[in-house]
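Quick notes on the structure that follows.
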2 protein chains.
Amino acid sequence: MNMRSDLPQLLVKAGLTILEEEGAEGLTLRRIAARAGVSHAAPAHHFGGLTGLKNAIATQGFQAFYGDLVAAQDSLPGDADPFQRLLTVNLAYIRFARRHPALFRLMFEQWPTQDDDLRMTAQATYVVLHQCCTPLVQDRKRAPFETAIWAMTHGFAMLNLDQPYPPGSPVQMPSYEEALRLLVG
Amino acid sequence: MNMRSDLPQLLVKAGLTILEEEGAEGLTLRRIAARAGVSHAAPAHHFGGLTGLKNAIATQGFQAFYGDLVAAQDSLPGDADPFQRLLTVNLAYIRFARRHPALFRLMFEQWPTQDDDLRMTAQATYVVLHQCCTPLVQDRKRAPFETAIWAMTHGFAMLNLDQPYPPGSPVQMPSYEEALRLLVG
DNA sequence: TTACTCAACTTGACAGTGTAAAGGAAATCA
DNA sequence: TGATTTCCTTTACACTGTCAAGTTGAGTAA
């Protein structure tokens, strides 16, 4: 083990910081390395290249994402109304996207990959949504119902990424609850 | 007017071709210029820089997108079932995204911009969806209903961009009809 | 015709980018 | 001790966007 305890983790963290502060354009091997205080070739050594580092950053992003969703789920009592639980979790989904637009974009750009860590971390996130949907399925078919909810939430998040509060836009945060109600019934 | 009739249009077309053939990574001022047979600084002259050229490409993309949606709408007789009409248009939406994933991503990345051409072209696209939703609103509130449908369709398209046909994924093309049916009733 | 203007490019230079090869330094191992 | 491996640096290279300056050629006015 080297003097600095864990350079890969340090690099991922530097990448996340840059992503928040400067957006996707600033996410550069050399700038990440500079912020971590190492030479520009160090990241490539640990992650194989820019793609590998992006995958690692996306993986960490999905972990934080998962944490937010679980926290939202746990913020309600166990006997809470299933609709309120689903709404709360999905609003956390959308809020994460709005708070970390560059990271959110990166996550779902890197998502289709061979990287097993990234794929499995992303899949773990979906389980939360799946659990929230289950008690609401009722007499519907499970798969299309889940698909509809996930797609609607993800689309809502995507369309609100960079246009946070456009007055005339048909997509606005407050209307998500009504939209979800239309679907769940 | 120069010998070559319309270089800006030629550059946009070259960009679209590169986007289809090589994806977003190939979309470079210099490669676009090379494919159009001009010097590497010519694009910057006409579009002010890479951003301007990307905006122009995205605008053209939205025009093609609009054309696909209108064609889908017109493929049905005037007295067709409103649900079938909405479904047909939305499947065209999703199919466009699947056929041109890199362009689709670019379009919605450049979408939040000051470029009036791009913004207005993109907005024209939404009108098609709006029209298809109208006869299905019934006793619901219009805005959340439209939002729900658009978000679901867009999310579906996004989640199917790069994972075209994953066997186990909860998101699959055939299930969109069922998902839409859940929402429209 | 001649001189001027101006838009449409080209050329050249520059800082910044990812990647790869080679080297070094220090820890680990035999 | 000597050899090896891991971690990282240095160096080099091709490629990128942008900028400034130069070129070209067609129109315009005198």
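Letters A, B, ... are given to chains in the order of the sequence lines, protein chains preceding strands, and every chain is numbered from 1.
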Seminar exercise, completed: By nearest-nucleotide position on DNA chain C, the 5'-leaning member of B:His45 and A:Gly48 is B:His45
Exercise. Nearest to the side chain of A:Arg30, which nucleotide is it out of C:dT10, C:dG18, D:dT9?
Worked result: C:dG18
Seminar exercise, completed: Taking D:dT9, C:dT19, C:dT10 as options, the one with an atom nearest any side-chain atom of B:Val38 is C:dT10
Exercise. When we call it a touch if two heavy atoms are under 4.0 Å apart, what does B:Ala41 touch: a base, just sugar-phosphate, or nothing?
Worked result: base
For this session: For A:Thr28, report the nucleic acid contact type (base, sugar-phosphate, nothing); a contact means any heavy atom under 4.0 Å.
Result: sugar-phosphate
Just the rounded figure in Å: distance from [atom2] of [N] to [atom1] of [X].
{"X": "A:Leu53", "N": "C:dG18", "atom1": "CG", "atom2": "P", "answer": "10 Å"}
{"X": "A:Arg31", "N": "C:dA15", "atom1": "CZ", "atom2": "C1'", "answer": "12 Å"}
{"X": "B:Phe47", "N": "C:dA8", "atom1": "CZ", "atom2": "C1'", "answer": "13 Å"}
{"X": "A:Leu50", "N": "D:dA14", "atom1": "CG", "atom2": "C1'", "answer": "17 Å"}
{"X": "B:Glu25", "N": "D:dG17", "atom1": "CD", "atom2": "P", "answer": "13 Å"}
{"X": "A:Leu7", "N": "D:dT6", "atom1": "CG", "atom2": "P", "answer": "16 Å"}
{"X": "A:Leu29", "N": "D:dT9", "atom1": "CG", "atom2": "P", "answer": "13 Å"}

For this session: May I ask you to decide if the ring planes of B:Phe104 and B:Phe108 are parallel, tilted or perpendicular, using 30° and 60° as cut-offs?
Result: tilted
Problem set entry | Pair A:Tyr93 + A:Phe156: ring centers closer than 6.0 Å | no
For this session: Might you work through the side chain to side chain contact (heavy atoms under 4.5 Å, CB included) test for B:Asn55 and B:Phe47, ending with a clear yes or no?
Result: CA-CA 9 Å; B:Asn55 282 344; B:Phe47 297 100; over 6 Å; no
For this session: May I have the step-by-step check of side chain to side chain contact (heavy atoms under 4.5 Å, CB included) for A:Thr121 and A:Phe65, ending in yes or no?
Result: CA-CA 10 Å; A:Thr121 307; A:Phe65 191 36; over 6 Å; no
Exercise. For B:Thr153 and B:Tyr176, does a side-chain donor sit closer than 3.5 Å to a side-chain acceptor?
Worked result: yes
Problem set entry | Residue whose nearest DNA chain D nucleotide is more 5′ - A:His46 or B:Ala44 | A:His46
Problem set entry | Contact under 4.0 Å: A:His40 side-chain N or O vs C:dG18 OP1/OP2 | no
